[in-house]
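Scroll down for the structure; my scribbles are underneath it.
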Amino acid sequence: MPNESVNDTIVDVLRTALGVDKDWVESTIEVPGDRKMGDLALPCFKLAKEKRKAPAQIAKEASDSLPQELPKGVDRIEAVGPYLNVFFDPKSQARDLLESILENGDRFGSSAVGSGKKVVLDFSSPNIAKPFGVGHLRSTVIGHSVANILNFQGYECIRINHFGDWGTQFGKLMVAYIEWGDEVDLEGNDPIQGLLQLYVKFHKLAEEDPSWDDRGREWFKKLEDGDEEALRLWTWFKEISLKEFDRIYTRLGVEFDSYSGEAFYNDKMVRVIQRLEEKNLLEESRGAKIVDLEEYGLTPVLIQRSDDATLYATRDLAAAYYRHDTYEFHKNLYFVASAQNDHFKQVFKVLELLGEPWAKDCEHVPFGLISFADGMMSTRRGKVVFLEDVLDQAVERVDKIISEKNPALNNRAEVAEQVGVGAIVFYDLTRRRIKDWTFDWDRILTFEGETGPYAMYSHARFRSILRKAKQRGLEPHTTIDEIQFDALDNDEAKSLLQALEEFPDQIRRAGEQYEPSLVTQSVLEVADKANKFYNAHHVLVDEEDISRTRLLLVHAVATVLKTGLTLLGVAAPEEM
RNA sequence: GCGCCAGUAGCUCAGCUGGAUAGAGCAACGGCCUUCUAAGCCGUAGGUCCAAGGUUCGAAUCCUUGCUGGCGUACCA
């Protein structure tokens, strides 16, 4: 069914009139693309063969045989060509919607489908000792938003930041530090910059002379074996990074329930290897230990290197077990770039082969990558745009715009931060997550059209009307019975109401598909229709009754926009 | 080579499990601020939905093949 508003009574009436069964109606009925055609439509093509009649004739006959008394809330049902179109009574529709928003407030659009179920979300998960680049934005904001959306639907969300705080990269960094540590500043304001320089220099040399990589592996092995010097450096690098990440998460408003990174699973690797051995899945190959997945069309999973050090896949297996044991999850989600599709296929397949029934509840939620116009981002080559620089630029630009457009704003710095950061977050959540995008300063710093600032602006604008009204002693109607329907009897109000009505359904879909862009699109749709309404009709007019009814609509718009923005992890300032 | 993903207006994208005339934004051009925030609104222009087959009453949507681009393809994560 297209949405929840299709109730049984309507299905029943249509079913009887057409002489078909309930399932047929439920699976065929749809919401017309053009809502002028009706609120629901039932195409009758499929019945043509069976009934040996033209679809249009079937629709016509069915509409003639409808009962006198239509279901509550239905204004009329009419045949239009081969379609049987259902029109809801606009008044009762508007009444139900506004009443629901009035009653539910910022819970409008929420549900309880997930109640009692736990969802584990692994997102953001940046690598320690590397800068937090725009590339890390994706996992962070998508994961955060999906957590908000699922939470809104009653799921209990466990947000895990699976830091990349283990692996050969640390060995490499240690080698670099030992060699050139005195050339960089790791104590000043920007120690990450120093680490990056070491990292880049190392990779430049390693490209020409692979023996550098061997030294890196050696040092990582030392770390795994608990070497004191290695451990000291590792702890120090980690501290430097965590400080930086903390600052960014605070700005983004992102929080986690667990910060157990890869190192956390260090002592849980043995058990994984044990399990694999018990099931006879492990084989020796070229000196390493692997699980062969050839018969499933997958490349082998490397479990243990020839020098016995563990790998990414091993740690993910250990983490999956840990999460299962600790949280008894309904779903275990990984918000990781689509480049790692194969990796997750392998890991989940191994879990399946291990006989774990919960393997099917593990899901990779992939997203496209961010690249530069001239190619890929690469930390190894030092080709990174720091997320903080992007946020700073955005905030700076917003601040300038405020100084031009609303110089009287008193909490300007705070609002500039909210709008600037919100613009970046919203930007990343506008398109479907699977899409790749190219980093472009001009584009990401555009605040007009389908952008975060536009949505925030629309919200602020409508909040402003409510404030102005209050100053004049006007409040929205508080009970639905007071509504003056004439005040909403125009195209702009109707399509605005429609946009508001679709909001809960979009949230539901966004939760099912782990796709925040559906919320973004719905927010933009509401903002668009709201601004059109704003420009076509005055809210604060002489007739008090009309004003108060329109204020109710304004209240509904502000409520929904704020809820939508909040689910996306974007602030909704009162003024801007 | 093989695998996964994408291909819709000049650019960036929507288009829900196939349904009525394929929609927005940006860029371009022309309008609208002495009443609620012009980060807004209205209008003009812009399309062989990558291509060819197939399924269907009906395909941007499903299937097949091909083309283009991105990513992956064992000791990085």
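Here is how names work: the chains are called A, B, and so on, in the same order as the sequence lines, proteins then strands, and each is numbered from 1. Keep in mind it's a predicted model, so treat the numbers as computed, not measured.
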Notebook entry, point to check: Do A:R286 and B:A74 share a donor-acceptor pair, side chain to base, under 3.5 Å?
Noted result: yes

Looking at A:N85 and B:A20, is any side-chain donor or acceptor paired with a base atom of the opposite kind under 3.5 Å?
yes

Contacts satisfying salt bridge (charged side-chain N to carboxylate O under 4.0 Å, His left out) that involve residues 531-555 of chain A (not counting sequence neighbours) are A:E482-A:R548, A:D528-A:K532

So [X], base contact, sugar-phosphate only, or nothing? Heavy-atom distance under 4.0 Å.
{"X": "A:D542", "result": "nothing"}
{"X": "A:G164", "result": "nothing"}
{"X": "A:A48", "result": "nothing"}
{"X": "A:Q506", "result": "nothing"}
{"X": "A:M456", "result": "nothing"}
{"X": "A:H537", "result": "base"}
{"X": "A:S306", "result": "base"}

Assert: residue with more 5' nearest nucleotide on RNA chain B, out of A:A527 and A:L540, is A:L540

Sorted by position of nearest nucleotide on RNA chain B, 5' first, the leading residue of A:S464 and A:S285 is A:S464

**Q.** Presence of A:R443 side-chain N/O under 4.0 Å of B:G25 phosphate oxygens OP1/OP2
**A.** no

Would you check, one step at a time, whether the test salt bridge (charged side-chain N to carboxylate O under 4.0 Å, His left out) holds for A:K222 with A:E218? CA-CA 6 Å; A:K222 277 184 155 181; A:E218 265 168 48; over 6 Å; no

Item to check | Gap in Å between the two P atoms, one belonging to B:U61 and one to B:U56, rounded | outcome: 16 Å

Notebook entry, point to check: Would a line drawn from the ring center of A:Y334 to the ring center of A:F348 be shorter than 6.0 Å?
Noted result: yes

Review point. Between A:F237 and A:F170, does the ring centroid distance fall short of 6.0 Å?
Key: no

* Asked: With stacking defined as ring centroids separated by under 5.5 Å and planes differing by under 30°, is A:Y454 stacked against B:G40?
  -> no

### Query
B:A20 base stacked by A:Y83? Criteria: ring centres under 5.5 Å, plane angle under 30°.
yes

